[in-house]
Amino acid sequence: MIRLFLLQVCFFALIGCGVRAPQVHYLESSVTQSTPEAVAMEIEFEVSNNNDEPLQLTLFDYTVSVDGNIVYRGKHSAQQTVPTATAVTSKIPAVIQRNQILGLQNATWRLSGLLGYIPPKEFTKTLLKSGIWKPTTQVHAHGSFQIPSFD
C-alpha cells in the first residue's frame, strides 16, 4: 500500500513538475551609492517565462564575491509575476564594505545564486506548500566597476 502511494506521488510530481523554469539573464549593474563605509550596487536581470501560464517569482538568494572573496550575502524578495511568453526586469541590491576592497581601484565582482518561483499548476503548489519541493533556477552575473571616491 505504501509503495503504491509513493509511486502515485512520484507520478503526479513528474506530471505537475513539467513547468519550465524561468530564464534569468544579467542586463547591467550600477553603483547607486558610495559612503566612507561601503559601496552600494544595483544588479538588473531580465526574467523570461516560456510557459503557457504565468509564473510567480518569490525570492533571490545570492552571494557576491570580489576577486574570489565573498563580500555580500543577500536575500531579496522578487514578488513579481511573469506573464506567459513575456519577460520582466528585476533589480537586486548588493553592498560591499570598503574594508573588503581596500587598495583596489577597480572591483571585479561575480554574483551567483538562486531565484525561487511558484509554478502555476495546483499539484506543484501543494508540493511547494508541504516543503517537499522548492523550485529554483540559477542566477549568475559578473562585471567590474571603478571604486568611487567618497569625498
Side-chain angles (χ1 to χ4, degrees), residues 9-10 13-150:
V9 167
C10 290
L14 290 173
I15 291 172
C17 299
V19 173
R20 290 182 298 276
Q23 298 296 309
V24 183
H25 301 283
Y26 166 66
L27 294 175
E28 65 180 350
S29 65
S30 60
V31 173
T32 56
Q33 188 175 12
S34 175
T35 68
E37 295 81 26
V39 176
M41 304 174 53
E42 192 170 70
I43 304 162
E44 185 173 8
F45 294 93
E46 178 182 75
V47 183
S48 304
N49 177 10
N50 295 322
N51 291 289
D52 295 334
E53 296 184 49
L55 284 178
Q56 183 181 348
L57 307 179
T58 57
L59 183 73
F60 285 95
D61 186 357
Y62 57 101
T63 60
V64 176
S65 59
V66 172
D67 294 334
N69 300 313
I70 294 176
V71 296
Y72 184 79
R73 293 182 192 276
K75 292 183 187 283
H76 185 74
S77 177
Q79 297 306 314
Q80 283 183 292
T81 298
V82 186
T84 303
T86 305
V88 298
T89 58
S90 190
K91 296 178 182 181
I92 60 177
V95 177
I96 301 170
Q97 299 296 319
R98 283 198 182 267
N99 64 3
Q100 295 177 313
I101 53 175
L102 283 176
L104 298 177
Q105 292 181 349
N106 292 300
T108 301
W109 60 270
R110 180 170 300 279
L111 178 145
S112 62
L114 300 171
L115 171 59
Y117 62 95
I118 299 174
K121 298 187 178 184
E122 289 303 318
F123 183 74
T124 55
K125 289 180 184 178
T126 302
L127 290 174
L128 184 66
K129 286 179 185 175
S130 69
I132 294 173
W133 183 53
K134 292 186 179 181
T136 59
T137 190
Q138 296 285 321
V139 178
H140 297 285
H142 60 87
S144 62
F145 64 92
Q146 183 175 5
I147 298 173
S149 61
F150 52 86

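The figures here come from the full heavy-atom set of this structure, side chains too, leaving out hydrogens, waters and symmetry mates. Here the structure is a predicted model, which means the values were calculated and not measured.
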Quick one: pull up NE2 in His140 and OH in Tyr62 and give me the separation to the nearest 0.5 Å.
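One gets 15.0 Å once the value is rounded to the nearest 0.5 Å.
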
Interatomic spacing from CG in Leu102 to CG in Leu104 - rounded to 0.5 Å:
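Interatomic distance, Leu102 CG to Leu104 CG, rounded to 0.5 Å: 8.0 Å.
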
Indicate the atoms forming the closest heavy-atom contact of [X] with [Y], along with that distance.
| X | Y | answer |
| --- | --- | --- |
| Leu114 | Val139 | C-CG2, 3.9 Å |
| Ile118 | Leu55 | O-CD2, 3.8 Å |
| Pro54 | Thr81 | CB-CG2, 3.8 Å |

If the condition is side chain to side chain contact (heavy atoms under 4.5 Å, CB included), which residues does [X] pass it with, not counting sequence neighbours?
| X | value |
| --- | --- |
| Ala85 | none |
| Gln79 | Gln56, Ser77 |
| Val31 | Val39, Phe145, Pro148 |

Give every residue pair that meets the salt bridge (charged side-chain N to carboxylate O under 4.0 Å, His left out) criterion with at least one member in [range], sequence neighbours excluded.
| range | value |
| --- | --- |
| residues 70-82 | Asp61-Lys75 |
| residues 103-118 | none |
| residues 135-145 | none |

Evaluate side-chain contact (heavy atoms from CB on, under 4.5 Å) for Val47 paired with Leu115, printing each intermediate quantity in order.
CA-CA 10 Å; Val47 183; Leu115 171 59; 4.2 Å; yes

Is the backbone N or O of Glu53 less than 3.5 Å from a side-chain atom of Asn51, with the two atoms forming a donor-acceptor pair by type?
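It does not hold such a pair.
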
Strictly distance-based, threshold 3.5 Å: is any side-chain N or O of Asn49 a donor or acceptor partner for the main-chain N or O of Thr86?
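No.
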
All side chain to side chain donor-acceptor pair (under 3.5 Å) counterparts of [X], not counting sequence neighbours:
| X | result |
| --- | --- |
| Glu44 | none |
| Glu37 | Thr35 |
| Ser34 | Arg98 |

Asp67: salt bridge (charged side-chain N to carboxylate O under 4.0 Å, His left out) partners, not counting sequence neighbours:
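Salt bridge (charged side-chain N to carboxylate O under 4.0 Å, His left out) list for Asp67, sorted by chain: empty.
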
Who pairs with Glu42 by salt bridge (charged side-chain N to carboxylate O under 4.0 Å, His left out), at least two apart in sequence or on another chain?
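Listed in chain order: Lys91.
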
Please set out all donor-acceptor pairs under 3.5 angstrom arising from side-chain atoms of residues 21-28, sequence neighbours excluded.
| from | atom 1 | to | atom 2 | distance (Å) |
| --- | --- | --- | --- | --- |
| Tyr26 | OH | Ser29 | N | 3.3 |
| Tyr26 | OH | Ser29 | OG | 3.2 |

